[in-house]
Protein chains: 2
Amino acid sequence: MESQPTFRALADATRRDILVMLRSKEMTIAEVAENFDMTRAAVKKHLTVLSDGGLITVRAQGRERINAFNPAGMAPVLDWLTFFDAFWDDRLNDLKSAIEKDAT
Amino acid sequence: MESQPTFRALADATRRDILVMLRSKEMTIAEVAENFDMTRAAVKKHLTVLSDGGLITVRAQGRERINAFNPAGMAPVLDWLTFFDAFWDDRLNDLKSAIEKDAT
DNA sequence: TTTATATGAAACCTTTTGGTATTACGTCAA
DNA sequence: TTGACGTAATACCAAAAGGTTTCATATAAA
């Protein structure tokens, strides 16, 4: 699996913000663009990069394009991070409890 | 905490490779450079980016600079990833077992 | 059918990035 | 002290990245 496009997609703050937004709700390009101080064309470029990185899926609905967060796209990043066992070992409990707390 | 420099540092494949190398052994700039087909100056730039991202620490030892992996530098990335609870929920068991297996 | 809307796509611009080459500086060893 | 060595710093270059503008196309609505 080619992880480079995924890491590249996450390297930009705007794209990370888009992902956080899409995490809770699917959105059209125009809807995403409303949240940023840039043109729709620029936002569309970011969405393309996110799609190339496998982090979102895009489906057509009439003349609109529905962008949705794709959790599975995170896999390459997670796989890479598992190289750092000691780090994860220290952090795993914190992470787990954070998730469990959030699931309350 | 400013996470942008950390995400940026991880966006380049050469820098990720350097991190994997430093994970098991501290190295001077020249030692790191031996493993890549580029000049020491280029490698040094990558090390500077990694340092800016908090992913490595650098200490002087005579005329040499010892570069060491800094696990704590991963924190911003991990913190950001915890936004995606559902994803982590699906993957947590796999990750945990992978780590436990590796610790054998 | 006309017209407005949502997106796609290309051309263009500026800044950043990844790389080289060159030069200077501090340190170790003979 | 005199080189040799490891690194720092600078100038420079090509390509990629992030953005805008403009125009074309497809669909929705009047």
Side-chain angles (χ1 to χ4, degrees), chain A residues 2-22 25-70 73 76-77 80, chain B residues 2-22 25-70 73 77:
Chain A
E2 185 50 54
S3 58
Q4 178 55 30
T6 308
F7 278 101
R8 189 220 157 185
L10 292 178
D12 184 88
T14 299
R15 287 193 291 267
R16 291 196 301 278
D17 289 344
I18 291 174
L19 278 187
V20 171
M21 289 170 40
L22 293 180
K25 183 163 82 81
E26 298 185 342
M27 301 174 84
T28 65
I29 297 176
E31 282 176 321
V32 174
E34 281 173 12
N35 296 275
F36 295 96
D37 188 26
M38 67 180 77
T39 63
R40 271 167 303 174
V43 169
K44 201 265 181 178
K45 279 191 182 183
H46 282 304
L47 290 169
T48 299
V49 174
L50 286 169
S51 176
D52 289 346
L55 291 166
I56 66 170
T57 57
V58 187
R59 70 172 189 279
Q61 188 172 85
R63 61 183 162 183
E64 297 181 336
R65 295 294 177 283
I66 311 295
N67 300 273
F69 172 57
N70 178 36
V77 175
W80 186 84
Chain B
E2 186 50 54
S3 59
Q4 178 55 30
T6 308
F7 278 101
R8 190 221 154 182
L10 292 179
D12 183 88
T14 298
R15 288 193 290 268
R16 292 197 301 278
D17 289 344
I18 291 175
L19 277 187
V20 171
M21 287 170 42
L22 293 180
K25 185 163 80 83
E26 299 184 341
M27 300 173 85
T28 65
I29 297 176
E31 282 176 322
V32 174
E34 281 173 11
N35 296 275
F36 296 95
D37 188 26
M38 67 180 77
T39 63
R40 269 168 304 175
V43 169
K44 201 264 183 179
K45 280 192 180 181
H46 283 305
L47 290 169
T48 299
V49 175
L50 286 168
S51 177
D52 289 347
L55 292 166
I56 66 170
T57 58
V58 187
R59 68 172 191 279
Q61 189 172 82
R63 62 183 161 182
E64 298 181 336
R65 295 295 178 281
I66 311 294
N67 301 274
F69 172 57
N70 179 36
V77 176

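All chains are named by letter (A, B, ...) in the order of the sequence lines, taking the proteins before the strands, and each is independently numbered beginning at 1.
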| said: Counting C-beta onward and ignoring hydrogens, is there a side-chain heavy-atom pair between B/Met38 and B/Thr14 closer than 4.5 Å? | reply: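 Sidechains of B/Thr14 and B/Met38: in contact.
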Taking N or O atoms only and anything under 3.5 Å, show me the protein contacts with nucleotides 14-17 of chain D, one pair per line.
| residue | atom | partner | partner atom | Å |
| --- | --- | --- | --- | --- |
| D/dA17 | OP1 | A/Arg8 | NE | 3.4 |

Could you tell me which non-hydrogen atom of [X] sits nearest to which non-hydrogen atom of [Y], and how far apart they are?
{"X": "A/Leu22", "Y": "A/Phe69", "value": "O-CB, 3.7 Å"}
{"X": "B/Met27", "Y": "B/Asn35", "value": "CE-ND2, 3.6 Å"}
{"X": "A/Phe7", "Y": "A/Pro76", "value": "CE1-O, 4.5 Å"}

| message | Applying a 4.0 Å non-hydrogen cut-off, can you work out what A/Lys45 is touching in the nucleic acid: base, sugar-phosphate, or nothing? | response |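 Base contact - A/Lys45 has a heavy atom under 4.0 Å of at least one base atom.
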Using modelled atom types and a 3.5 Å cut-off, is there a donor and acceptor pairing between side-chain atoms of [X] and backbone atoms of [Y]?
{"X": "A/Asn67", "Y": "A/Val58", "answer": "no"}
{"X": "B/Asn70", "Y": "B/Ala68", "answer": "no"}
{"X": "A/Arg16", "Y": "A/Leu10", "answer": "yes"}
{"X": "B/Thr6", "Y": "B/Gly53", "answer": "yes"}

| said: With side-chain hydrogen bond (donor to acceptor under 3.5 Å, both in side chains) as the rule and sequence neighbours excluded, what pairs involving residues 41-50 of chain B come up? | reply: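 Every side-chain hydrogen bond (donor to acceptor under 3.5 Å, both in side chains) pair that includes a residue of residues 41-50 of chain B, provided the two are not neighbours, is B/Arg15-B/His46.
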| message | Just to be sure I understand the geometry, which residues of residues 58-68 of chain B put a non-hydrogen atom under 4.0 Å away from DNA chain D? | response |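 Contacting residues: B/Arg63, B/Glu64, B/Arg65.
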| query | So, is B/His46 close to the C/dT17 phosphate, meaning a side-chain N or O under 4.0 Å from OP1 or OP2? | reply |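 So the side-chain polar atoms of B/His46 never come under 4.0 Å of the phosphate oxygens OP1 or OP2 of C/dT17.
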d([atom1], [X]; [atom2], [N]) in whole Å:
{"X": "A/Leu47", "N": "D/dG19", "atom1": "CG", "atom2": "C1'", "result": "15 Å"}
{"X": "B/Gln4", "N": "C/dT17", "atom1": "CD", "atom2": "C1'", "result": "13 Å"}
{"X": "A/Met38", "N": "C/dT15", "atom1": "CE", "atom2": "P", "result": "17 Å"}

| message | Checking B/Glu34 now: which residues fulfil side chain to side chain donor-acceptor pair (under 3.5 Å) with it, not counting sequence neighbours? | response |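 For B/Glu34, no residue satisfies side chain to side chain donor-acceptor pair (under 3.5 Å) once neighbours in sequence are set aside.
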| message | Checking B/Glu64 now: which residues fulfil salt bridge (Lys or Arg N to Asp or Glu O under 4.0 Å) with it, not counting sequence neighbours? | response |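 Partners of B/Glu64 under the salt bridge (Lys or Arg N to Asp or Glu O under 4.0 Å) test: none.
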| field | Sub-4.0 Å heavy-atom contacts from residues 25-37 of chain A onto DNA chain C, ordered by number | value |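 Those residues whose heavy atoms fall under 4.0 Å from DNA chain C, taken from residues 25-37 of chain A in numerical order, are A/Thr28, A/Ile29, A/Ala30.
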